[in-house]
Amino acid sequence: MKYKRILLKLSGEALMGTRQYGIDPERLAEYAEDIKTITKKGVEVAIVIGGGNIFRGVAGASSGMDRVQGDHMGMLATVINGLALQSALENAEVPTRLQTAIRIDEVAEPFIRRKAMRHLEKGRVVIFGGGTGNPYFTTDSAAVLRAIEIEADVILKGTRVDGIYNTDPEKDSTATKFDFISFKDVLKKGLKVMDTTAFTLSQENNLPIIVFDMNTPGNLLKVISGENIGTEVNI
């Protein structure tokens with residue numbers, strides 16, 4: 001395997017499957033099987049999930065809700081998604097721990113860096129919920145922060161498209177896909193990979209990002225094996 005320890009970033013919307021909102025059990029089961037496959041290869045897996053399938057703080061703020069309150073609701077949504085994924089992984093017989101940036105002791109462990117790394121070393125999947133624990137920071141920022149803290153080799157951003165394009169491939173049939181692109185060129189071209197805070201943090205810590213299609217079964221293993229799918233963002 002090309003990578004020993006990874007941070008997998010999933011959007012909340014990815015968990016909806018074909019639904020309009022909420023969680024699709026079939027999509028969860030597919031993800032669990034893909035994750036199980038790479039853990040059997042000895043890869044240490046940490047995961048950060050968004051909460052957009054349940055609640056989005058920015059949307060709440062734009063309709064009159066206080067932004068901080070909205071973001072706290074979004075953090076709780078990520079915990080709900082984390083619990084759902086933990087259940088799916090355990091149903092697939094993958095030992096899993098959920099750690100949260102906001103304390104919910106009856107539901108999950110608090111985030112403790114050394115404990116998280118110990119879980120990974122023992123072959124457990126660790127899901128990080130609650131974002132960074134602070135409003136105004138996205139789950140992209142949480143993913144990069146946690147990846148740096150646990151000394152991950154790479155951030156894998158699982159999306160519904162197969163990489164980074166020069167324009168939106170869902171709107172432009174002539175869009176061109178990049179196999180590799182530098183951090184500098186992403187900024188120069190104004191491409192949307194992650195929010196600016198997350199992207200800058202990744203760049204400053206020389207942490208590569210690979211954007212790939214997570215909804216195609218087997219793609220996660222291909223990326224871990226070093227196959228040229230998706231788009232790699234590096235120095």
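Quantities reported herein were computed from a predicted structural model and do not represent experimental measurements.
Residues Ile210 and Ile155 have side chains not in contact (no heavy-atom distance under 4.5 Å, counting atoms from C-beta outward). Counting heavy atoms from C-beta on, the side chains of Leu156 and Lys9 never come closer than 4.5 Å. For the pair Leu7/Ile148, no side-chain contact is recorded, criterion being any heavy-atom separation below 4.5 Å from C-beta on. Between Leu28 and Leu85 there is a side-chain heavy-atom pair separated by less than 4.5 Å. Considering only heavy atoms from C-beta on, Val94 stays 4.5 Å or farther from Glu90 through its side chain.
In terms of the side chain to side chain donor-acceptor pair (under 3.5 Å) criterion, residue partners of Asp162 (sequence neighbours excluded) are, by chain and number, Tyr165. Residues forming a side chain to side chain donor-acceptor pair (under 3.5 Å) with Thr174 (at least two apart in sequence, or on another chain): Asp172.
A chain of hydrophobic side-chain contacts below 4.5 Å, direct or via other Ile, Leu, Val, Met, Phe, Trp or Tyr residues, connects Leu8 to Ile23. Follow the hydrophobic side-chain contacts under 4.5 Å out from Leu201 and you reach Val211 in the same cluster.
The backbone N or O of Asn166 sits nowhere less than 3.5 Å from a side-chain atom of Thr176 that would complete a donor-acceptor pair. Of the possible donor and acceptor atoms, one in the side chain of Ser202 sits under 3.5 Å from a partner among the backbone N and O of Leu207. At least one donor-acceptor pair under 3.5 Å links the side chain of Ser182 to the backbone N or O of Asp185. When atom types are taken as modelled, the side chain of Ser173 and the backbone of Pro169 share no donor-acceptor pair closer than 3.5 angstrom. Thr138 contributes a side-chain N or O that, together with a main-chain N or O of Asp140, makes up a donor-acceptor pair within less than 3.5 Å. No donor-acceptor distance shorter than 3.5 angstrom exists from the side chain of Ser87 to the backbone of Leu83, with no hydrogens or angles considered. When atom types are taken as modelled, the side chain of Arg27 and the backbone of Ala14 share a donor-acceptor pair closer than 3.5 angstrom. Of the possible donor and acceptor atoms, none in the side chain of Asp105 sits under 3.5 Å from a partner among the backbone N and O of Pro110. Checked by atom type and distance alone, the side chain of Thr231 pairs as donor or acceptor with a backbone atom of Phe178 at under 3.5 Å.
Applying the 6.0 Å contact sphere to NZ of Lys177 captures more than 12 heavy atoms from other residues, nucleotides or ligands. Within 6.0 Å of the CZ atom in Phe180, the count of heavy atoms belonging to other residues, nucleotides or ligands exceeds 12. A 6.0 Å sphere centred on CD of Glu93 holds no more than 12 heavy atoms belonging to other residues, nucleotides or ligands.
A donor-acceptor contact under 3.5 angstrom links the side chains of His119 and Glu109, judged on distance only. The closest side-chain donor-acceptor pair between Asn53 and Arg19, if any, does not fall under 3.5 angstrom.
Note: Met1 CE to Leu221 CG = 5.5 Å, rounded to the nearest 0.5 Å.
Remark: Asp34 does not engage Lys36 in a salt bridge, criterion side-chain N to carboxylate O under 4.0 Å. A salt bridge is defined here as a Lys NZ or Arg NE, NH1 or NH2 lying under 4.0 Å from an Asp or Glu carboxylate O, and Asp153 with Lys2 fails to meet this definition. Salt-bridge annotation for Arg160 and Asp213: absent, with no side-chain N of the basic residue lying under 4.0 Å from a carboxylate O of the acidic one.
Minimum heavy-atom separation, Asn81 to Ile49: O-CD1, 3.8 Å.
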Decide yes or no on side-chain contact (heavy atoms from CB on, under 4.5 Å) for Leu220 and Tyr31, but give the supporting numbers first. CA-CA 9 Å; Leu220 182 59; Tyr31 285 176; over 6 Å; no
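Evaluated for a salt bridge (Lys or Arg N to Asp or Glu O under 4.0 Å) with Glu151, the options Lys4, Arg113, Arg114, Arg5 yield exactly one hit, Arg113.
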